[in-house]
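Every chain is numbered from 1, with letters handed out A, B, ... down the list of sequences.
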Amino acid sequence: MELKLWNTMGREMQIFTPREKGKVGMYCCGPTVYDFAHVGNLRTYIFEDILRKTLAYAGYDVRHVMNVTDVGHLTDDADEGEDKMLKGAREKGKSVWEIAEFYTKAFFHDFGLLRCVTPTVICRATAHIQDMIDLISRIEKNGFTYVAGGNVYFDISKFPGYGKLALLDQQELKAGARIAVDEGKKNPRDFVLWFTKSKFEHQSMTWDSPWGRGYPGWHIECSAMSMKYLGEQFDIHCGGIDHPPVHHTNEIAQSEAATGKPWVTYWLHGEWLVMGKEKMAKSAGNFTTLSTLVEKGFDPLDYRYFCLGAHYRTQLAFTWEGLSAARAGRMGVVDKIAQLRAQSGHPPASPTGKALQYMADFETHAMDDLNMPRCLADLWTMLRDAEVPPADRLAAALRMDTIFDLGLSEAREAEVVPDEETRALLEQRELARKGRDFKKADEIRAMLLARGIEVQDSPGGPKLRIAAGQRRED
RNA sequence: GGCGCCGUACCCAAGAGGUAAGGGAGAGGUCUGCAAAACCUUUAUGCAUCGGUUCGAAUCCGAUCGGCGCCUCCA
């Protein structure tokens, strides 16, 4: 199976070839745990999860590493901003460590609700300070650094090809930059590897280092940890679309300056979820969390399905209407699967006949840079194709779901076990129906609905299901 | 100012030279005591606008209009 991926490095579609046959090393930039993740953040993790599952589908053994940034980053790069962790801690009246632990838990809770597979390795920045110090030492030894004002800087002029990922060489910095240039920097794009001088509030997280007590710059953790767990060269590095210009550009410079070798082969970046006219961002105050969606009656998987509806490299507009459409779509798939399951008895282990053609289409589209919208279309077309035996449709759908991961293997006709009262009401209603007292029957149906139970009459008797969330949300 | 991206039906959204996927919503129908569910049918001679290249363009080129992102922490 040939997997094509769009590589940000070089801006072209490439056939994926791992460094080591059958194995993939993949590093994904994780969350900074100073606040809840919003659904925009989560979109990127869903994209990475789809990537991981597609790689597994293609037969690769995937080693997936993700960092958790639990050491402060500035709120901006002007060296005047506040430390995000500190800010979060102060506002919540807790220690930075408590804040980090709390939001890390919250993050992985959401992660799981979205059926994102836990990374092979989850690494916390604060647990790898020594690795960062060692890496900075190597960079220093290779002559890529200078010290100014107590901080260790990376000198980009020493690194040929700096900014290749983001095509920075084709850009001009606007004259009279909008941020005050750090006087210590030789070049505006130089960046700090190790801080000992903090211009802002008291820094409660500091460590000893060869350059003095301080804390690491905000790019070094990804270089240090990814190489620790995946080796000095590995296959895939991904993250949000905001990363190429600064974060990933600097990671590349540091890493390759340290090892003298090309670092990562494929760079993949997920586009923004946009809210209204702007990207969703904590600073813009327009962010929505997964919990908010759940409170409004959505299943986390409705959001997963919603994300699957658009390609990961295009901006996706978040609207409640769109999310409702996704819910209806997902429910449709789930119902269809339950129906097929009821019709097919024991499904064969793998699809046969015409279902194979659908599988082939699905694979072509999945391997074409993770074209999930197209894959979803393949799923739907197959599900509705009466020429394909139910057992084959079911088997194929479940196979496809190893990538979608909408929990289809668990989808069944929701069997409601009626309690005594419900049972009594149902009996009364059937009696009324037999006596053709439909007015009373409809009244009882309304009573049951009020109890959250929907009654559907069928030739085989009344069927019960849990009433779907009917709330109108906006 | 520089760089990058986008504009497809009521909504979301694929397609990237060969004649518009899919979902949602709406409409009609079958079934039903009625509903619901299910199933069937239906909804863009056209893909921002105007030119150009081509046998052929939503897809390539140019211009125009509109929108977004990055150049500053950010998924």
Chemist: Return whichever of Ala377(A) or Gly322(A) has its heavy-atom-nearest nucleotide of RNA chain B closer to the 5' end.
Modeler: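 Its nearest nucleotide being more 5', the pick is Gly322(A).
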Chemist: Under a plain distance cut-off of 3.5 Å, with no hydrogens placed, do Thr126(A) and Asp70(A) share a side-chain donor-acceptor pair?
Modeler: yes
Chemist: Show every ring pair (Phe, Tyr, Trp, His ring centres under 6.0 Å) that has at least one partner inside residues 376-407 of chain A, sequence neighbours left out.
Modeler: Phe362(A)-Phe404(A)
Chemist: Run the side chain to side chain contact (heavy atoms under 4.5 Å, CB included) test against Pro300(A) and tell me which residues pass, sequence neighbours left out.
Modeler: Leu113(A), Leu114(A), Leu290(A), Val294(A)
Chemist: Just how far, in rounded Å, is P of A75(B) from OH of Tyr103(A)?
Modeler: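 Checked: the OH to P distance equals 14 Å.
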Chemist: Within the structure shown, what part of the strands sits under 4.0 Å from Val455(A) by heavy-atom distance: base, sugar-phosphate, or nothing?
Modeler: base
Chemist: Could you state the CE-C1' distance from Met372(A) to G22(B), rounded to the nearest angstrom?
Modeler: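 Taking atom C1' of G22(B) as the reference, CE of Met372(A) is at 14 Å.
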Chemist: Counting distance alone, no hydrogens or angles: does the base of C70(B) have a donor or acceptor under 3.5 Å from a partner atom on the side chain of Asp242(A)?
Modeler: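 Counting by modelled atom types and ignoring angles, no donor-acceptor contact under 3.5 Å is found here.
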Chemist: Does Lys336(A) put a side-chain nitrogen or oxygen below 4.0 Å from OP1 or OP2 of C39(B)?
Modeler: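 The answer is yes; a side-chain N or O of Lys336(A) sits under 4.0 Å from OP1 or OP2.
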Chemist: Can you tell me, in whole Å, how much space there is between the P of A58(B) and that of C47(B)?
Modeler: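 Going atom to atom, P in each nucleotide, I get 7 Å.
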Chemist: Going by the rule ring-ring contact (aromatic ring centres under 6.0 Å, His included), which residues pair with Tyr305(A) if we only count those two or more places apart in sequence or in a different chain?
Modeler: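 Once residues adjacent in sequence are excluded, Tyr305(A) has no partner under the ring-ring contact (aromatic ring centres under 6.0 Å, His included) criterion.
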Chemist: With Phe191(A), which residues qualify under ring-ring contact (aromatic ring centres under 6.0 Å, His included), at least two apart?
Modeler: Phe154(A), His219(A)
Chemist: So which protein N/O to nucleotides 23-30 of chain B N/O distances come out below 3.5 Å?
Modeler:
| unit_1 | atom_1 | unit_2 | atom_2 | d |
| --- | --- | --- | --- | --- |
| G23(B) | OP1 | Arg384(A) | NE | 3.0 |
| G23(B) | OP1 | Arg384(A) | NH2 | 3.1 |

Chemist: What N/O pairs connect the protein and nucleotides 13-19 of chain B at under 3.5 Å? Give each pair on its own line.
Modeler:
| unit_1 | atom_1 | unit_2 | atom_2 | d |
| --- | --- | --- | --- | --- |
| A13(B) | O2' | Gly309(A) | O | 3.2 |
| A14(B) | OP1 | His311(A) | N | 2.7 |
| A14(B) | OP1 | Thr314(A) | OG1 | 2.9 |
| A14(B) | O3' | Asn371(A) | ND2 | 3.3 |
| G15(B) | OP1 | Asn371(A) | ND2 | 3.1 |

Chemist: What is the distance, rounded to the nearest whole Å, between atom NZ of Lys439(A) and atom P of C34(B)?
Modeler: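 Going from Lys439(A) (NZ) to C34(B) (P), I get 18 Å.
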Chemist: Can you check the distance between A44(B) and C61(B), where both ends of the measurement are the P atom (answer in whole Å)?
Modeler: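 The answer is 30 Å between these two P atoms.
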Chemist: List for me each residue that meets ring-ring contact (aromatic ring centres under 6.0 Å, His included) alongside Tyr229(A), sequence neighbours excluded, and say none if there are none.
Modeler: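 Partners of Tyr229(A) under the ring-ring contact (aromatic ring centres under 6.0 Å, His included) test: His128(A).
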Chemist: State which residue, out of Arg313(A), Gln14(A), Lys4(A), fulfils the side chain to side chain donor-acceptor pair (under 3.5 Å) condition with Asp369(A).
Modeler: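 Output: one option passes, namely Arg313(A).
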Chemist: What is the distance, rounded to the nearest whole Å, between atom CG of Leu383(A) and atom P of C39(B)?
Modeler: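 Rounding to the nearest Å, CG of Leu383(A) and P of C39(B) are 10 Å apart.
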Chemist: Whole Å only: how far is the CG atom of Asp302(A) from the P atom of C12(B)?
Modeler: 19 Å
Chemist: Using atom P in both nucleotides, what's the gap between A38(B) and G24(B) to the nearest angstrom?
Modeler: 9 Å
Chemist: If I pick the C1' atom on A25(B) and the same atom on A9(B), what distance separates them, to the nearest angstrom?
Modeler: 12 Å
Chemist: Which part of the nucleic acid, if any, lies within reach of His365(A) when heavy atoms closer than 4.0 Å are counted: base, sugar-phosphate only, or nothing?
Modeler: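 Nothing, no heavy atom under 4.0 Å.
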Chemist: Taking only residues two or more places apart in sequence, or in another chain, which ones meet Trp267(A) in a ring-ring contact (aromatic ring centres under 6.0 Å, His included)?
Modeler: His237(A), His248(A), Trp263(A)
Chemist: Tell me: CG of Asp110(A) to P of A75(B), nearest whole Å?
Modeler: 14 Å
Chemist: With rounding to whole Å, what would you report as the distance between U72(B) and U45(B) at their C1' atoms?
Modeler: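 Their C1' atoms lie roughly 49 Å apart.
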Chemist: Going by the rule salt bridge (charged side-chain N to carboxylate O under 4.0 Å, His left out), which residues pair with Lys53(A) if we only count those two or more places apart in sequence or in a different chain?
Modeler: Asp49(A), Asp405(A)
Chemist: Mapping Ala441(A) and Asp378(A) onto RNA chain B by nearest heavy atom, which one lands closer to the 5' end?
Modeler: Asp378(A)
Chemist: Tell me, please, which residues at least two apart from Ser223(A) pass side chain to side chain donor-acceptor pair (under 3.5 Å).
Modeler: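 Ser223(A) satisfies side chain to side chain donor-acceptor pair (under 3.5 Å) with Gln254(A), Ser255(A) once adjacent residues are dropped.
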Chemist: Would you say the side chains of Thr8(A) and His269(A) form a donor-acceptor pair under 3.5 Å?
Modeler: yes
Chemist: Pick the P atom in A27(B) and in U19(B), then give their distance to the nearest Å.
Modeler: 33 Å
Chemist: Looking only at atom P, what distance separates U53(B) and C10(B), rounded to whole Å?
Modeler: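 Comparing P positions in U53(B) and C10(B) gives a spacing of 32 Å.
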Chemist: Expressed as a whole number of angstroms, how long is the span from Leu165(A):CG to C3(B):P?
Modeler: 18 Å
Chemist: Going by the rule salt bridge (charged side-chain N to carboxylate O under 4.0 Å, His left out), which residues pair with Glu12(A) if we only count those two or more places apart in sequence or in a different chain?
Modeler: none
Chemist: As a test of reading the structure: which of G33(B), C71(B), C74(B) is closest to the side chain of Asn41(A), going by heavy atoms?
Modeler: C74(B)
Chemist: If you go through the side-chain atoms of Arg445(A), does one of them form a donor-acceptor pair with the base of A36(B) closer than 3.5 Å?
Modeler: no
Chemist: Report the secondary structure of RNA chain B in dot-bracket form, marking unpaired bases with a dot and bases paired to a different strand with |, and treating Watson-Crick or G-U pairs with both distances under 3.5 Å as paired.
Modeler: ((((((((.[[[..)..(...]]].(((((.......))))).....[[[[[..)....]]]]])))))))....
Chemist: Between Gln339(A) and Asp335(A), does any side-chain donor sit less than 3.5 Å from a side-chain acceptor?
Modeler: no
Chemist: Determine the interatomic distance between P on G18(B) and the same-named atom on G52(B); round to the nearest Å.
Modeler: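 Result for the P pair: 22 Å, nearest Å.
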Chemist: What is the nucleic acid contact for Gly239(A), judged by heavy atoms within less than 4.0 Å: base, sugar-phosphate only, or nothing?
Modeler: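 The residue Gly239(A) makes sugar-phosphate contact but no base contact.
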Chemist: Rounding to an integer number of Å, can you tell me how far Asp190(A) CG sits from U72(B) P?
Modeler: 13 Å
